[in-house]
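Side-chain atoms are counted along with the backbone in the values below, which use heavy atoms only and exclude waters and symmetry mates. Numbering of residues begins at 1 and proceeds along the displayed sequence.
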Amino acid sequence: MSVVDEHILRESQPSDSLIPALGESLKLLEEQKIFLRHVIRDINPNASDVDAEVEVEKRILTVQRRAYRIYPYPCIRHFHYVSLRMSKHDAFPYILKAAQTSKPPVLLDMGCCMGTDLRYLAHSGYPASSLIGCDLRQAYIDLGYELYADRETSVPFFSADIFEMTPCAFPFDALSDNDQIAPSLRDVRRLDELRGRVKYIYAGSLFHLFDEGTQEAIARRLATLLDVTPGSESGPTLIFGQHVGKAVEGVREDFMGRTGRFAHSPASWERLWRRIVGDTKPVRVDVVLLDRPDHFSANTSRNTQGMWWNVWIG
């Protein structure tokens, strides 16, 4: 697909009259409570369990209000930004195993929001020096620093617009790139600087924000970030995530009136990735549709489910 052939339709702003008000009760699981108390840097270590829990909940609600004003994502309203969702994915143990290799590979969280999933991954043993998060909105990253009070010690994050990447062929050969030496992850400011360097990409609740053609444009750009060097100690390259899907692919209804949003089916999702990878590398696409109201709001759209997926390359 050439640049001329690409179709890109950016996310639209919903009508104010259709935006639901905040007000859902915050109900943290014990796993979340333990993690949040441990990683939020400036909570008094001598505080009682009750006082610490009150402080954690106060912070979560404070950043929620500010984040929702930036863009009213359902994941903000339903507290998914502290849900540890990556850890519920069946690829998570595979990722953690790679942390035990002699050189843990780079993992990118694309659309990281406030960065909870990466902080939890680092908390679970993955070296923070091999993790990086990217979001379109720097304001969300800054709210993550505010929530966790860890701006100076956190996993590195940066803001970038994936559509500003120049499309190029897959796979990207980092060894033949004539640019300057790749910057350290803490110095990365553009997605292009990660071309051919990333072994794992997590894309949670990202693709379903767009129409079908734009989803393919995103996938093609993400694919060029991948390190598909054969013989890696850490095994196959992996893109994994979850988003709204359907048994039969098609445009989905949107309760905030945004048009064109597309829900892939397991079959259409596999076809997309096989188009992108072609015959350059072996590829396996694993997809499962789940009714999971704890992860996908029932009012997101009718006749949809949560689609959890892995794309294995190499």
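- Counting heavy atoms from C-beta on, the side chains of Leu118 and Leu107 come closer than 4.5 Å.
- Side-chain atoms of Leu108 and Arg197, non-hydrogen and from C-beta on, never get closer than 4.5 Å to each other.
- Between Arg221 atom CZ and Asp192 atom CG the span is 9.5 Å, to the nearest 0.5 Å.
- With hydrogens and angles left out, the side-chain atoms of Ser232 and Thr229 include no donor and acceptor closer than 3.5 Å.
- Both Leu225 and Ile8 are part of a single hydrophobic cluster, where members link through side-chain heavy atoms under 4.5 Å apart.
- Taking hydrophobic clusters as Ile, Leu, Val, Met, Phe, Trp and Tyr residues chained together by side-chain heavy-atom distances below 4.5 Å, Val251 does not share a cluster with Phe207.
- A salt bridge is defined here as a Lys NZ or Arg NE, NH1 or NH2 lying under 4.0 Å from an Asp or Glu carboxylate O, and Glu193 with Arg189 fails to meet this definition.
- Phe240 and Tyr202 have tilted rings, their planes meeting at an angle from 30° to 60° on a 0 to 90° scale.
- Among Arg85, His243, His80, the single residue meeting the side-chain hydrogen bond (donor to acceptor under 3.5 Å, both in side chains) criterion with Ser205 is Arg85.
- Under the 4.5 Å side-chain criterion, counting only non-hydrogen atoms from C-beta, Pro105 is in contact with Tyr126.
- Here the closest heavy-atom approach between residue Lys103 and residue Glu233 is recorded as N-OE1, 4.4 Å.
- Between the side chain of Lys199 and the backbone N or O of Gly235 there is at least one donor-acceptor pair closer than 3.5 Å.
- Heavy-atom minimum distance, Ser234 versus Thr101: CA-CG2, 4.3 Å.
- Within the 4.5 Å cutoff, side-chain heavy atoms of Gln32 are placed close to those of Val82.
- Separation of atoms OG (Ser124) and CZ (Phe92) is listed at 4.0 Å; rounding is to 0.5 Å.
- Both Leu61 and Tyr71 are part of a single hydrophobic cluster, where members link through side-chain heavy atoms under 4.5 Å apart.
- Rounding to the nearest 0.5 Å places CG of Leu194 at 11.5 Å from CG of Asp227.
- The environment of CD in Gln13 is crowded: more than 12 heavy-atom neighbours from other residues, nucleotides or ligands sit within 6.0 Å.
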Next item on the list: Could you walk me through whether Glu212 and Glu249 pass side chain to side chain contact (heavy atoms under 4.5 Å, CB included), step by step?
Entry: CA-CA 10 Å; Glu212 184 177 13; Glu249 68 273 13; 5.8 Å; no
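- Here the closest non-hydrogen pair linking Pro72 and Ile19 is CB-CG2, 3.5 Å.
- Of the options Asp42, Asp49, Asp51, a salt bridge (Lys or Arg N to Asp or Glu O under 4.0 Å) to Arg37 is made by Asp49 and by none of the others.
- Inter-residue side-chain proximity for Phe170 and Arg220 is flagged as unmet; no heavy-atom pair is nearer than 4.5 Å.
- The minimum heavy-atom distance between Glu6 and Pro167, with the atom names listed, is OE1-CG, 3.5 Å.
- Aromatic ring pairs are classed by plane angle as parallel below 30°, tilted from 30° to 60° and perpendicular above 60°; the pair Phe79 and Tyr81 is tilted.
- The shortest heavy-atom contact between Trp309 and Met307 is CD1-O, 3.4 Å.
- Within the 3.5 Å criterion, the main-chain N or O of Val244 finds a donor-acceptor partner in the side chain of His208.
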Next item on the list: Walk me through it: do Glu152 and Arg41 pass the test salt bridge (Lys or Arg N to Asp or Glu O under 4.0 Å)?
Entry: CA-CA 11 Å; Glu152 303 304 321; Arg41 298 283 177 170; over 6 Å; no
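- Here Lys88 pairs with Glu31 in a salt bridge; the nearest charged N to carboxylate O distance falls below 4.0 Å.
- For residues 276-286, every residue pair satisfying the salt bridge (charged side-chain N to carboxylate O under 4.0 Å, His left out) rule, not counting sequence neighbours, is listed here: Arg284-Asp286.
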Checklist line | Leu121/Leu96 under side chain to side chain contact (heavy atoms under 4.5 Å, CB included): CA gap, chis, key distance, verdict | finding: CA-CA 8 Å; Leu121 184 55; Leu96 286 182; 3.7 Å; yes
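- Leu29 and Ile34 sit in two unconnected hydrophobic clusters of ILVMFWY residues. Membership requires side-chain heavy atoms under 4.5 Å apart, directly or through other members.
- Sorted by first and then second residue, the ring-ring contact (aromatic ring centres under 6.0 Å, His included) pairs with a member in residues 31-56 read Phe35-Tyr120, Phe35-His123, His38-His123; sequence neighbours excluded.
- Residue pairs that meet the salt bridge (charged side-chain N to carboxylate O under 4.0 Å, His left out) test with at least one member in residues 110-131, sequence neighbours left out, are Arg119-Asp150.
- Met110 places none of its side-chain heavy atoms less than 4.5 Å from the side chain of Ile218.
- Distance check: Arg69 CZ to Leu22 CG gives 9.5 Å after rounding to the nearest 0.5 Å.
- Side chain of Glu11 to backbone of Phe210: no donor-acceptor contact under 3.5 angstrom is found.
- Just one of Arg66, Arg151, Arg59 meets the salt bridge (Lys or Arg N to Asp or Glu O under 4.0 Å) condition when paired with Glu146; it is Arg66.
- Residue Ser159 comes nearest to Ile141 through the heavy atom pair N-CD1, 3.9 Å, listed as atom of the first residue, atom of the second, then distance.
- Taking CG of Leu191 as the reference point, atom OG1 of Thr166 lies at 11.5 Å (rounded to 0.5 Å).
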Margin query: Let's go through Thr259 and Asp254 carefully: what are the C-alpha distance in whole Å and the side-chain angles of both, what is the deciding distance for side chain to side chain contact (heavy atoms under 4.5 Å, CB included) to 0.1 Å, and is it a yes or a no?
Written below: CA-CA 7 Å; Thr259 60; Asp254 183 82; over 6 Å; no
Next item on the list: Would you please test Cys134 and Ile162 for side chain to side chain contact (heavy atoms under 4.5 Å, CB included) and show each step?
Entry: CA-CA 9 Å; Cys134 178; Ile162 193 169; over 6 Å; no
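- Hydrophobic clustering keeps Leu206 apart from Leu136 (ILVMFWY residues linked when any side-chain heavy atoms are closer than 4.5 Å, directly or through intermediates).
- You'll find the side chain of Met165 reaches within 4.5 Å of the side chain of Arg195, heavy atoms only.
- Partners of Lys33 under the side-chain hydrogen bond (donor to acceptor under 3.5 Å, both in side chains) rule, at least two apart in sequence or in another chain, are Glu53.
- If you take CD1 on Ile95 and CG on Asp90, they are separated by 10.5 Å, rounding to the nearest 0.5 Å.
- Every pair tested for ring-ring contact (aromatic ring centres under 6.0 Å, His included) that includes a residue from residues 138-159 fails, sequence neighbours excluded, so the list is empty.
- A 4.5 Å side-chain heavy-atom check between Ile70 and Leu143 finds at least one atom pair inside the cut-off.
- Taking the side-chain hydrogen bond (donor to acceptor under 3.5 Å, both in side chains) definition, one finds that Asp187 meets it with Ser184, sequence neighbours left out.
- Between the side chain of Gln215 and the backbone N or O of Phe262, at least one donor-acceptor pair lies under 3.5 Å.
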